[in-house]
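A quick write-up on the structure given underneath.
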Amino acid sequence: MKKALLFFALLFSVTCIQAQDSVQIRKFYDEALVNGQCYENLRYLCKKIGQRLSGSAGAQRSVEWSKKLMDSYGFDKVYLQEVMVPHWVRGAKEQAYIIDGKNKISVPVAALGMSVATPKAGITANIVEVKSLKELDALGESGIKGKIVFFNGPFDPRYIETGEGYGAAGIQRFAGPSAAAKYGAVGAIVRSITPALDNYPHTGGTVYAEGGRKIPAAAISTLAANKLSSMLKMRKFPQPKFFFKQNCQTLPDAKSYNVIGEITGSQNPTSFITVGGHLDSWDLAEGAHDDGTGVMQSVEVLRVIKATGYKPKNSIRAVFFMNEENGHKGGLKYAEIAAANKETHIAAIETDEGGFTPRGFSFDGASPKLLKAINKNWKALLEPYEADRLVAGGSGTDIEPLKETVPSIMLIGFRPDSQRYFDIHHTPNDVFENVNKRELELGAASITALVYLIDRYGLNF
Ligand SMILES: [Zn+2]
């Protein structure tokens, strides 16, 4: 009898906790949807500041404005964390055309971030098309020397989560130019990493191997890539040539900042939950989805917590990381300082997959047992908001360095719907108008809900 009573008492208390949690989570969503500020904050960031590549005047303005914004919310701490960042500039707009006999067919290209310039007169050369780094290796020096390598690996549409498709096709952008240089290529043209067929070159960073030759590298739009590929197939003798000219350069490193706001924990002030995105963005647009939405959601999490009167046990930080796009220096600095200060970090959540409808979260390195427990305890609370996919998976570039420096941390990626992100990613279309207010706010509320659950229960089930 005693045992049965105990069982029912326990069941009753568990049910009460669940009910209390669901009321609190409802409050977060109500606040974000009724009084939400992330959409208007994003409008300011996109329209009044705009592009903010590391080292640029826009980046500096975005740092100053972000700090002011956090100050205006009256968080317990707001500060800048200094970090040196690469300073790459695009220079005058690129030019490119296919030379087909006497015809010159103009094509849209954009220098890849961190690329070197072409000589002033541009580069004209024969083209060799490859679909993968494996094909490049098979051709070797005899097939590549003196040519422009055209990386034309397509974005595989079979990936349901488009981030996976991006990763798979992305290798040719990250590593292709440097690999081509090894075999004596004079330049590299990379098919834009997108499932969309359009006329925008999607820029993005490339990485040269340490000590290797650096050749100019540019993204080409998917439509132009298809045209070039079919011309190469049709016209065997003489083959079309390619011309491109770009004027980018890398200036000395610049001083910049991560921007950090904090609500100090009421019970464990030296124990942290971080939520962040990156403040820098490519120079071709406004960095709306990448990653204006992420930073504005992060600060909204703290604002919503404060506005609803929830007093977290642990300290909650919103971090606007600098330099995710072309160096990751902000993320590295944050991890370095967390370790130097011997901070305890429970979890870090990154939102850098666009401001689309929330679906859930991915937990980096979570064991099946832990995932099962997370789902058992939390899934039902997030289900009413359709943000209850709690799965294993990656987190985000900015928080990843914490894995090395803060061993017990759980890294988590915010997972919105991924179907439209890579249509606009790193193009002039990444503008405020392409962000939906409700989707953005639902995302902010979902992240707040997860932060709350982690704050209350930790991740040691
Ligand atoms: Zn991003």
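All ligand and atom numbering here is 1-based and tracks the order in the structure. Excluded from the calculations below are hydrogen atoms, water molecules and symmetry mates; all remaining heavy atoms, backbone and side chain alike, are included.
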Met410 side, atom CE; Lys403 side, atom NZ - distance, nearest 0.5 Å:
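The CE atom of Met410 sits 10.0 Å away from the NZ atom of Lys403.
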Below 4.0 angstrom, N of the basic side chain to O of the carboxylate: do Lys379 and Asp388 qualify?
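Looking at Asp388 together with Lys379, the answer is yes, because their closest N to O distance falls below 4.0 Å.
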Do you know which two heavy atoms are closest between Val295 and Phe320, and how far apart they sit?
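Looking at all heavy atoms of both residues, the shortest contact is O-CE1, 3.1 Å.
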Looking only at N, O or S atoms, which one in His278 sits nearest to the Zn ion (ligand 1)?
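Looking at His278, the N, O or S atom with the least distance to the Zn ion (ligand 1) is NE2.
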Looking only at N, O or S atoms, which one in Asp352 sits nearest to the Zn ion (ligand 1)?
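Of all N, O or S atoms in Asp352, the Zn ion (ligand 1) lies closest to OD1.
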For Thr203 and Ala111, indicate whether the former's side chain and the latter's backbone hold a donor-acceptor pair under 3.5 Å.
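Yes, Thr203 side chain to Ala111 backbone: donor-acceptor pair under 3.5 Å.
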Residue Asp290, metal the Zn ion (ligand 1), N/O/S under 2.8 Å:
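So Asp290 counts as coordinating the Zn ion (ligand 1), yes.
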